[in-house]
Every structure is written in C-alpha cells, then in structure tokens.
Protein chains: 2
Amino acid sequence: MQSTTSRSRRERPAKPALSRAGIIATAVAVMRAEGLEHVTMRRLAAELDTGPASLYVYLRNTAELHAAVLDELLGFVGLVPDRSAQWADTIVRMLWSYNGILSGHPGLARSALVTRPAGPNYLALVEGLLTLLREGGIPDAQSAWGVDILLLFATSIALEHGTRRQVMDADEDEEALEHAIHQATTSNYPTIAALGGDLLSGTPEARFGWHVRVLLNGMAMTPRPPLESEHEGLGRS
Amino acid sequence: MQSTTSRSRRERPAKPALSRAGIIATAVAVMRAEGLEHVTMRRLAAELDTGPASLYVYLRNTAELHAAVLDELLGFVGLVPDRSAQWADTIVRMLWSYNGILSGHPGLARSALVTRPAGPNYLALVEGLLTLLREGGIPDAQSAWGVDILLLFATSIALEHGTRRQVMDADEDEEALEHAIHQATTSNYPTIAALGGDLLSGTPEARFGWHVRVLLNGMAMTPRPPLESEHEGLGRS
DNA sequence: ACCTGAACACCGTTCAAGT
DNA sequence: ACCTGAACACCGTTCAAGT
C-alpha cells in the first residue's frame with residue numbers, strides 16, 4: 001500500500017481535468033473537513049495535483065473562490081414557507097438559519113460582508129425575505145432598503161460570534177470587557193455603571209430575536225426620505 | 001550622506017528602547033502613511049530596527065496590536081454634545097463619525113467586530129450613546145441591548161464600504177449584482193423584479209441615516225423579552 | 001486555450017541562545 | 001527580564017515557458 005511503484009504512474013483515478021466546478025467542489029470538501037482557513041489557492045492546487053498557477057485560469061483570485069463557496073453554502077438556508085407561523089417569526093427563523101450557516105465559517109461571513117454576493121442562492125434568500133416583508137404589510141420602499149440591513153445584521157453577528165468561537169483568546173476579550181464594565185464607576189462612565197451587567201445579558205438567540213424584531217418594527221414605521229441629489233450630506237434629515 | 005562609516009555606529013538618534021506604547025505609536029504612524037495592511041509584526045520590527053520576535057514581549061499577537069491601534073483611533077470620534085440638535089440627529093452624527101474613521105481602515109472595522117473592544121475610547125463612545133438614548137426616553141433595558149446593534153451596524157457598514165473602496169474588483173461586484181437584479185424576471189425572483197433598482201437606490205449617507213432611525217424607532221417600541229433560562233431556543237417568541 | 005514550475009515578495013509565530 | 005537571529009511553515013500572485 002505504501003509503494004509508489006506498483007502502478008507505474010497515476011495512482012489516483014486518472015487525475016480529472018480541471019474545471020471551475022471541480023475546483024469549487026474541492027474547496028467545499030476541504031472546508032467541511034478542515035475549515036475555510038485551509039481553503040487556499042496553494043492547498044487546493046496540491047489537492048488537485050497541480051501548481052497554484054493553474055487555478056488562475058478559472059478564478060481571478062481568492063476572494064472569488066470564497067464567494068463561490070459562499071453561494072454554494074447558501075443553498076442550505078431554510079426557505080420553507082411554514083404558513084402556520086407569524087410572518088415575523090418566519091423571518092427571525094430564516095435569518096437565524098442563515099446566521100447559523102455562516103457562524104460555522106466566519107470567513108464566509110466576512111466574504112458576504114465584503115463582496116456583494118450575487119449568486120442564485122443569495123438572490124433566493126433576498127426574494128424570500130422580500131416576500132415575507134410584503135406579507136407583513138411593510139411598504140415596498142421600506143422593504144427595499146430594509147432587507148439590506150436584515151442581512152447585514154445576520155451576517156455581522158455570524159462574523160462576530162463565529163470568529164470568537166474559533167479564536168482561542170475570545171474568552172479573555174469577553175472577560176476584559178466584563179471587567180471594564182464592572183470597573184466603570186459613576187465618575188468614569190456613569191451610564192455604563194448604571195446599566196451594568198444588563199449590557200451583556202441574554203443568550204445569543206434571545207438577543208438575535210429581539211434585534212430582528214427591532215429592525216422589523218423600525219422599518220415598518222420609519223418613512224423613507226425622498227431621494228435627493230447625490231451631494232446631500234447628513235446636515236439635516 | 002550615503003556612507004555608513006561616517007559616525008561609526010547608530011546613525012538614527014540612539015535607537016530608543018522598546019515599549020508597548022512606542023510600538024503602538026509606530027503602528028499608528030505606519031498605518032497613516034501606508035494603511036493597516038502594512039502594519040505587520042515583521043514590518044514594525046524592521047521599522048523599530050529589531051527582529052519580529054522582540055515584539056512578542058509586549059504583544060500576544062497581531063490581533064492585540066490591531067485592537068490597540070483601534071482604540072487609539074477611536075479617540076477621534078466626535079463626542080461633542082451639541083445641545084441644539086435633536087437627540088436622534090446627534091446619534092446619527094456620532095455613529096457617522098465613528099463609521100467614517102473605520103471606513104478609512106476597514107481592517108480596524110474587522111478588528112472591532114471580532115475582538116470585543118474594551119479600551120477607554122470605546123467605552124467613552126458607548127457611554128455617549130447610552131446617555132443620548134436615555135435622553136431620548138428609551139427604556140434602559142432596551143438601550144442596554146440596543147447600543148450593541150447601533151455600534152454593530154456602524155461597524156459593519158464601515159467594513160463593507162471601506163473594503164470595497166480599497167479593493168479593485170469592487171465595481172465589478174456591484175455591476176454583477178445590478179445585472180442580476182435587472183435580470184430577475186417575474187418567474188425567477190418576482191419580488192426582486194418588482195422592486196428593481198430601488199433595492200440599490202440612495203446615497204450611502206441617506207441609507208445610513210435611515211437605517212439608524214429604523215434602529216432607534218425599533219428599539220423604542222420593542223419590549224425586551226424576559227430573561228429566560230440559558231437553554232431557550234427560537235422555537236416561539 | 002490551458003497548464004505548469006519556479007520565482008517574487010511577503011506573512012505569523014516559536015525556539016534556543018544570548019545579555 | 002528583555003532581546004535577538006534564524007528557522008518553521010506557510011501565504012497570493014505573476015511570469016515565462018511549455019503543450
């Protein structure tokens with residue numbers, strides 16, 4: 001089993017030709033097995049039995065690779081309608097599902113934040129959210145701007161929690177903040193001192209649910225400003 | 001001027017001793033001159049005329065370095081009260097200032113998202129926001145959970161826009177999404193097709209302002225759920 | 001067109017040894 | 001304690017040359 005001379009050449013089943021789809025499939029496999037941090041051009045090239053330069057025929061750069069992996073993963077977001085539930089509950093659950101998928105791979109959350117996803121599965125998610133917002137009676141103009149922040153929120157939380165889960169020093173950071181908050185005196189930071197532990201209270205799920213409801217309530221009742229010229233600043237609202 | 005023999009040794013003013021503060025000051029200088037991506041352990045070591053290993057006496061790792069730089073920068077967030085403005089306008093402006101600082105250095109935004117900042121300048125920002133929320137009549141329990149999402153939002157937007165500004169392919173991503181949206185047919189993605197261009201309308205400032213107002217309105221009217229046991233899921237709200 | 005080896009220009013972090 | 005050179009184990013991307 002260890003000898004490499006037994007079959008003269010090509011031990012593996014005849015080294016399949018390269019293709020974008022094949023590269024991405026390999027990327028997903030490596031990610032599931034070892035995490036996104038191992039999904040590098042060099043590593044993938046080694047996996048596909050070639051040099052890193054070969055991959056640049058199919059992908060412009062690493063960002064494009066990660067974006068492709070992301071859309072692949074988004075195929076697993078639960079988009080089932082569930083007519084029995086309240087529309088708001090359904091949105092919370094849908095975003096929680098999206099969040100859960102990204103939490104496992106915070107590098108993908110980072111990718112989603114940075115590269116303007118435009119893959120079919122991402123669009124399906126946007127479509128699903130817009131449908132539910134309409135069903136909930138949110139005016140279209142408000143949904144159009146609101147869907148963005150719903151996804152931004154779920155993505156950021158995934159990046160935040162996901163990274164902390166896989167970085168070792170995360171607990172120390174958490175403790176440092178807790179310490180700082182409990183250290184806050186009335187003269188230092190009076191309001192932080194007054195609110196104290198409540199700033200960090202609640203489970204991630206509970207906070208997530210409340211935050212999404214805040215967004216939904218807010219976007220239902222906040223009228224859109226008129227679209228003004230490009231040069232408008234924040235001087236007055 | 002080019003000869004190195006003219007003063008036997010130490011050309012620079014007597015190579016100052018290493019210190020955490022000195023390292024961070026150098027880091028800020030390099031960042032201002034060349035961007036955060038050049039603030040690496042190796043580069044800083046070279047700048048300080050030593051080897052990379054020396055820095056590990058003062059900093060656990062690169063993340064700690066970036067966190068220290070971040071708090072340094074947050075000293076420039078405009079925290080001036082401005083009693084004449086509405087409290088909500090003041091919050092928008094404060095977050096916009098915070099956002100602007102991070103937008104210039106998206107790596108710092110990423111750091112803020114990932115490392116639970118706990119430096120004095122970050123706490124001052126939280127304190128300032130909490131004070132304004134109180135002034136606006138938001139119940140304390142809602143402020144306590146709400147301040148988090150206000151900062152999360154401003155940070156994510158900075159990461160999103162800041163990265164896109166400095167990455168070359170950003171325009172292509174934007175175009176790809178625009179194309180996908182205009183491609184959406186009634187059979188594909190009916191609601192996306194219906195909303196069309198309004199999904200991407202508005203200036204960044206206008207969207208930012210509206211989004212913050214959504215958050216403020218939402219957090220004013222969304223009651224906090226009771227703090228339940230740790231094992232509560234999202235099954236029902 | 002597609003594929004490749006080799007090179008360029010870097011990284012973070014650790015270790016053993018020095019002062 | 002503080003500091004260091006050298007090493008380990010990697011990166012992304014480009015280039016010139018091959019098929």
Side-chain angles (χ1 to χ4, degrees), chain A residues 9-10 12 14-24 26-27 30-31 33-69 105-108 110-111 114-115 163 166-170 172, chain B residues 9-10 12 14-24 26-27 30-31 33-69 105-108 110-111 114-115 163 166-170 172:
Chain A
R9 60 191 64 178
R10 60 185 161 79
R12 311 193 184 188
K15 188 184 174 185
L18 287 179
S19 73
R20 197 186 147 98
I23 294 169
I24 292 166
T26 309
V30 170
M31 187 198 65
E34 305 175 38
L36 189 73
E37 67 274 19
H38 289 106
V39 180
T40 65
M41 292 300 215
R42 294 182 102 101
R43 173 63 199 280
L44 243 41
E47 205 76 24
L48 292 164
D49 217 358
T50 180
S54 307
L55 305 183
Y56 286 80
V57 176
Y58 303 96
L59 298 161
R60 259 207 317 265
N61 49 39
T62 310
E64 193 174 309
L65 170 65
H66 287 175
V69 171
H105 304 283
L108 291 184
R110 184 169 191 268
S111 182
V114 152
T115 62
T163 314
Q166 76 181 203
V167 169
M168 47 298 133
D169 309 328
E172 297 184 38
Chain B
R9 61 192 64 176
R10 63 187 158 78
R12 312 195 183 186
K15 187 183 174 185
L18 287 179
S19 71
R20 198 186 146 98
I23 294 169
I24 293 165
T26 308
V30 170
M31 187 198 65
E34 305 175 38
L36 190 74
E37 67 274 20
H38 289 105
V39 180
T40 66
M41 291 300 214
R42 293 181 103 102
R43 173 64 200 280
L44 245 40
E47 205 76 25
L48 292 162
D49 216 358
T50 181
S54 306
L55 305 183
Y56 286 79
V57 176
Y58 303 95
L59 299 161
R60 258 206 318 263
N61 50 39
T62 309
E64 193 175 309
L65 170 65
H66 287 175
V69 170
H105 304 281
L108 290 184
R110 182 167 193 270
S111 180
V114 152
T115 62
T163 314
Q166 76 180 204
V167 170
M168 47 297 131
D169 308 328
E172 296 183 38

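The figures that follow rest on heavy atoms only: side chains count, while hydrogens, waters and symmetry mates do not.
Residue A/R20 contributes atom CZ, which lies 17 Å from atom C1' of C/dA1 at whole-angstrom precision. Distance, A/L18 CG to C/dA1 C1': 13 Å, rounded to whole Å. Atoms CD (B/E64) and P (C/dG12) sit 14 Å apart, rounded to a whole Å. Counting to the nearest Å, the C1' atom of C/dC3 and the CG atom of A/L55 are 11 Å from each other. The interatomic distance linking B/L44 (CG) with C/dC10 (P) rounds to 15 Å, in whole Å. Atom pair B/L36:CG and C/dC11:P shows a separation of 13 Å (rounding to whole Å applied). Separating the CG atom of A/D49 from the P atom of C/dC2 is a distance of 20 Å, rounded to the nearest angstrom. Atom CD of A/E37 is separated from atom P of D/dG12 by 12 Å (rounded to the nearest Å).
Among residues two or more places apart in sequence or in another chain, the side chain to side chain contact (heavy atoms under 4.5 Å, CB included) test is passed with B/A27 by B/V39, B/L44, B/L65, B/V69. With sequence neighbours excluded, the residues that form a side chain to side chain contact (heavy atoms under 4.5 Å, CB included) with B/R42 are B/T40, B/P52. In terms of the salt bridge (charged side-chain N to carboxylate O under 4.0 Å, His left out) criterion, residue partners of B/E34 (sequence neighbours excluded) are, by chain and number, B/R43. Annotation: side chain to side chain donor-acceptor pair (under 3.5 Å) contacts of A/T62 (sequence neighbours excluded): none. In terms of the side chain to side chain donor-acceptor pair (under 3.5 Å) criterion, residue partners of A/S54 (sequence neighbours excluded) are, by chain and number, A/T50. With sequence neighbours left out, the side chain to side chain contact (heavy atoms under 4.5 Å, CB included) criterion links A/Y56 to A/M41.
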Extract from the structure each pairing of a protein N or O with an N or O of nucleotides 13-15 of chain C at less than 3.5 Å, listing the distance.
unit_1 : atom_1 : unit_2 : atom_2 : d
C/dT13 : OP2    : B/Y56  : OH     : 2.8
C/dT13 : OP2    : B/T62  : N      : 3.2
C/dT13 : OP2    : B/T62  : OG1    : 3.1
C/dT13 : O5'    : B/Y56  : OH     : 3.3

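Across all strands shown, B/S54 has heavy atoms under 4.0 Å from base atoms, whether or not it also approaches the sugar-phosphate.
Listed for the B/S111 side chain is no donor-acceptor partner under 3.5 Å among the backbone atoms of B/G107.
Rounding to the nearest 0.5 Å gives a distance of 5.0 Å between CD1 of B/I23 and CG of B/L59. Once rounded to the nearest 0.5 Å, the distance linking CG of B/L108 with CE of B/M31 reads 6.0 Å.
In this model, the phosphate group of C/dT4 is approached by a side-chain N or O of A/T50 to a distance below 4.0 Å at OP1 or OP2.
Between the C1' atoms of D/dC2 and C/dA17, the separation comes to 13 Å (whole Å). As rounded to the nearest Å, D/dA9 and C/dC8 have P atoms that lie 23 Å from one another.
Among the nucleotides D/dG12, C/dC2, C/dC11, the one closest to any side-chain atom of A/Y58 is C/dC2.
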(Q) Please convert DNA chain D into dot-bracket. A pair counts if it is Watson-Crick or G-U wobble with both distances under 3.5 Å; crossing pairs go in [ ] and bases paired with another strand get |. (A) ||.|||||...|||||.||

